[in-house]
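Chain letters run A, B, ... following the sequence lines, proteins first, then strands; residues in each count from 1.
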2 protein chains.
Amino acid sequence: MALRDELKKRDPFDLIEQEAALSIMRTSDLLENRFARLLREYDLTRSQYNVLRILRGEGRPMPCLEVAQRMIQVAPAITRVVDQLVNAELIVKTQSDSDRRVFLIDLTSRAKRVLKAVDVPLLELHRSLLSGVPKKDLKQVIAILQQIREGVSE
Amino acid sequence: MALRDELKKRDPFDLIEQEAALSIMRTSDLLENRFARLLREYDLTRSQYNVLRILRGEGRPMPCLEVAQRMIQVAPAITRVVDQLVNAELIVKTQSDSDRRVFLIDLTSRAKRVLKAVDVPLLELHRSLLSGVPKKDLKQVIAILQQIREGVSE
DNA sequence: CCCAATTAATTTACATGTCACCTATCGACA
DNA sequence: TGTCGATAGGTGACATGTAAATTAATTGGG
């Protein structure tokens with residue numbers, strides 16, 4: 001179904017740019033929803049999972065703000081997520097010796113187990129959500145969206 | 001390649017499907033941010049604006065839930081946004097005569113003025129955000145994202 | 001005609017994101 | 001050395017989104 005039908009908009013889009021933007025946001029909502037639903041089964045929110053995933057990818061303790069930057073998030077949001085994760089014993093937070101402003105966070109073994117349990121189902125979800133789309137098209141979307149992001153950041 | 005081998009490949013992305021999904025969500029975040037910033041100048045949030053836009057598009061009083069469905073939102077969220085808009089005197093809410101469970105909302109003349117004021121800047125923002133991207137590419141993105149949404153909805 | 005299922009809307013609880021502002025620490029430079 | 005700007009991080013207020021439970025009204029089957 002075309003986006004303009006989904007939204008039951010009577011007039012055609014004024015601009016193709018507008019249709020593209022709405023299309024991106026609408027699709028993002030759908031995807032986020034699916035991922036959130038899967039992660040909830042593991043008692044994780046998307047933010048929490050992202051923090052864990054970044055830490056694992058980096059393989060070393062990281063400052064909170066460095067994690068935040070990779071998540072395109074503002075510092076205050078990270079603070080709370082970190083608190084939750086510490087509370088859930090999924091990360092540990094220690095003050096850096098070299099710079100006492102910095103707090104380093106690192107995965108616990110429990111977190112590593114959880115991540116491992118989530119890996120396959122999540123990968124399968126990614127695969128199944130986009131399975132109907134040829135890889136060639138996915139590559140193209142990735143390239144064009146990158147172009148959009150570069151334009152927006154300016 | 002075996003699934004477990006793919007899982008070890010963390011750089012840059014495990015799967016093109018994953019890269020595509022992350023790309024869509026990141027781009028959406030960026031765009032939403034820009035739109036939110038513009039609307040804030042008119043003391044509107046994105047949700048509030050969407051309710052007004054839908055009402056204008058329909059051109060008649062609508063039940064709250066009908067508006068919610070078009071916004072892909074859950075009912076409780078709408079309830080609050082409606083309250084805010086009533087408070088700001090941008091919509092009026094009246095109980096339906098034919099079905100007293102239903103509350104109809106409709107634009108005030110003030111809201112129509114605000115919408116009119118927002119129209120051009122918003123359209124310009126849409127245009128400028130995606131101006132760097134050829135229309136051909138935008139059409140392609142729209143088509144592929146539509147395909148993705150169809151797969152996800154199943 | 002009545003009861004059960006359904007539907008519109010709301011309330012509550014919780015997670016998240018943003019902004020504005022605050023604290024502590026660092027580091028450079030006068 | 002002392003001050004000042006920059007940086008890491010945290011707090012509080014507010015808006016939004018979701019889920020789950022609740023209320024009120026409607027509707028359809030027995």
Side-chain angles (χ1 to χ4, degrees), chain A residues 25-26 28-52 61-88 90-91 93-105, chain B residues 25-26 28-52 61-88 90-91 93-105:
Chain A
M25 294 188 281
R26 171 89 164 85
S28 172
D29 269 359
L30 265 181
L31 294 177
E32 283 180 11
N33 232 297
R34 290 307 183 100
F35 293 129
R37 213 176 299 169
L38 172 65
L39 290 174
R40 199 174 309 129
E41 293 173 24
Y42 298 87
D43 291 319
L44 289 175
T45 64
R46 280 207 341 121
S47 293
Q48 290 170 4
Y49 174 73
N50 279 332
V51 171
L52 300 184
M62 292 174 72
C64 295
L65 282 198
E66 207 177 318
V67 175
Q69 280 160 7
R70 300 211 190 166
M71 293 173 65
I72 327 163
Q73 278 193 350
V74 177
I78 281 291
T79 298
R80 266 177 318 205
V81 174
V82 164
D83 283 349
Q84 295 159 9
L85 288 172
V86 168
N87 228 304
L90 291 170
I91 61 175
K93 187 166 104 172
T94 54
Q95 196 166 21
S96 165
D97 289 333
S98 56
D99 183 341
R100 281 170 42 195
R101 290 170 304 180
V102 174
F103 285 82
L104 297 168
I105 56 179
Chain B
M25 295 188 280
R26 273 182 78 118
S28 173
D29 270 359
L30 265 182
L31 293 176
E32 283 179 13
N33 234 298
R34 292 306 183 101
F35 293 129
R37 213 177 300 170
L38 172 65
L39 289 173
R40 200 175 308 130
E41 293 174 24
Y42 298 87
D43 290 319
L44 288 175
T45 64
R46 280 205 345 120
S47 292
Q48 290 170 4
Y49 173 74
N50 279 331
V51 170
L52 300 183
M62 290 173 75
C64 295
L65 282 198
E66 206 178 320
V67 175
Q69 280 161 7
R70 298 208 191 171
M71 292 174 62
I72 326 158
Q73 277 194 349
V74 175
I78 281 292
T79 298
R80 266 175 320 204
V81 174
V82 164
D83 283 348
Q84 294 160 8
L85 288 172
V86 167
N87 227 304
L90 291 170
I91 61 175
K93 187 167 103 173
T94 55
Q95 195 165 21
S96 165
D97 289 333
S98 56
D99 183 340
R100 284 169 41 193
R101 289 170 306 179
V102 174
F103 285 82
L104 297 168
I105 56 179

Nearest whole Å is fine: how far is [N] [atom2] from [X] [atom1]?
X	N	atom1	atom2	value
Glu32(A)	dT16(C)	CD	P	13 Å
Phe103(B)	dT7(C)	CZ	P	19 Å
Glu66(B)	dA8(C)	CD	P	10 Å
Asn33(A)	dA15(C)	CG	P	17 Å
Arg101(B)	dA8(C)	CZ	P	6 Å
Ile105(A)	dG10(D)	CD1	C1'	14 Å
Asn50(A)	dT16(C)	CG	C1'	12 Å
Asp83(B)	dA15(D)	CG	P	12 Å

Just to be sure I understand the geometry, which residues of residues 36-44 of chain B put a non-hydrogen atom under 4.0 Å away from DNA chain D?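 Contacting residues: none.
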
- In terms of the nearest nucleotide of DNA chain D, which residue is placed more toward the 5' end: Thr79(A) or Gln48(B)?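 Checking each residue's closest nucleotide, the 5'-ward one belongs to Thr79(A).
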
Between Cys64(A) and Ile78(B), which is nearer to the 5' end of DNA chain D once each is assigned its nearest nucleotide?
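Its nearest nucleotide being more 5', the pick is Cys64(A).
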
What nucleotide, of dA24(D), dA8(D), dA9(C), holds the atom closest to the side chain of Val102(A)?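 Nearest to the side chain of Val102(A) among the choices is dA8(D).
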
Looking at the side chain of Pro76(B), which of dT10(C), dA15(D), dG9(D) is the nearest nucleotide?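 Out of dT10(C), dA15(D), dG9(D), the nucleotide with an atom closest to Pro76(B)'s side chain is dT10(C).
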
Return the [atom1] to [atom2] distance between [X] and [Y], rounded to the nearest 0.5 Å.
X	Y	atom1	atom2	value
Arg70(B)	Ile78(B)	CZ	CD1	11.5 Å
Leu90(A)	Asp43(A)	CG	CG	9.5 Å
Leu44(B)	Asn50(B)	CG	CG	10.0 Å
Thr45(B)	Leu85(B)	OG1	CG	7.5 Å
Gln84(A)	Ser47(A)	CD	OG	8.0 Å
Met25(B)	Asp29(A)	CE	CG	11.0 Å

Which part of the nucleic acid, if any, lies within reach of [X] when heavy atoms closer than 4.0 Å are counted: base, sugar-phosphate only, or nothing?
X	result
Thr45(A)	sugar-phosphate
Ala77(B)	base
Arg46(B)	nothing

Notebook entry, point to check: Given that Arg80(B) and Arg80(A) both sit by DNA chain C, which one's nearest nucleotide is further toward the 5' end?
Noted result: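 Its nucleotide being nearer the 5' end, the pick is Arg80(B).
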
Between Val81(A) and Asp99(A), which residue's closest nucleotide on DNA chain C lies nearer the 5′ terminus?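 Its nucleotide being nearer the 5' end, the pick is Val81(A).
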
Heavy-atom distance under 4.5 Å between the side chains of Arg37(B) and Asn33(B), does that happen here?
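With C-beta onward as the side chain, the pair touches.
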
Does [X] make a side-chain N or O approach to OP1 or OP2 of [N] shorter than 4.0 Å?
X	N	value
Gln95(B)	dA9(C)	no
Lys93(B)	dT10(C)	yes
Arg100(A)	dT25(C)	yes

| query | Does any donor atom in the side chain of Ser96(B) or Ser98(B) lie under 3.5 Å from an acceptor atom in the other side chain? | reply |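 Ser98(B) and Ser96(B) do have a side-chain donor-acceptor pair below 3.5 Å.
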
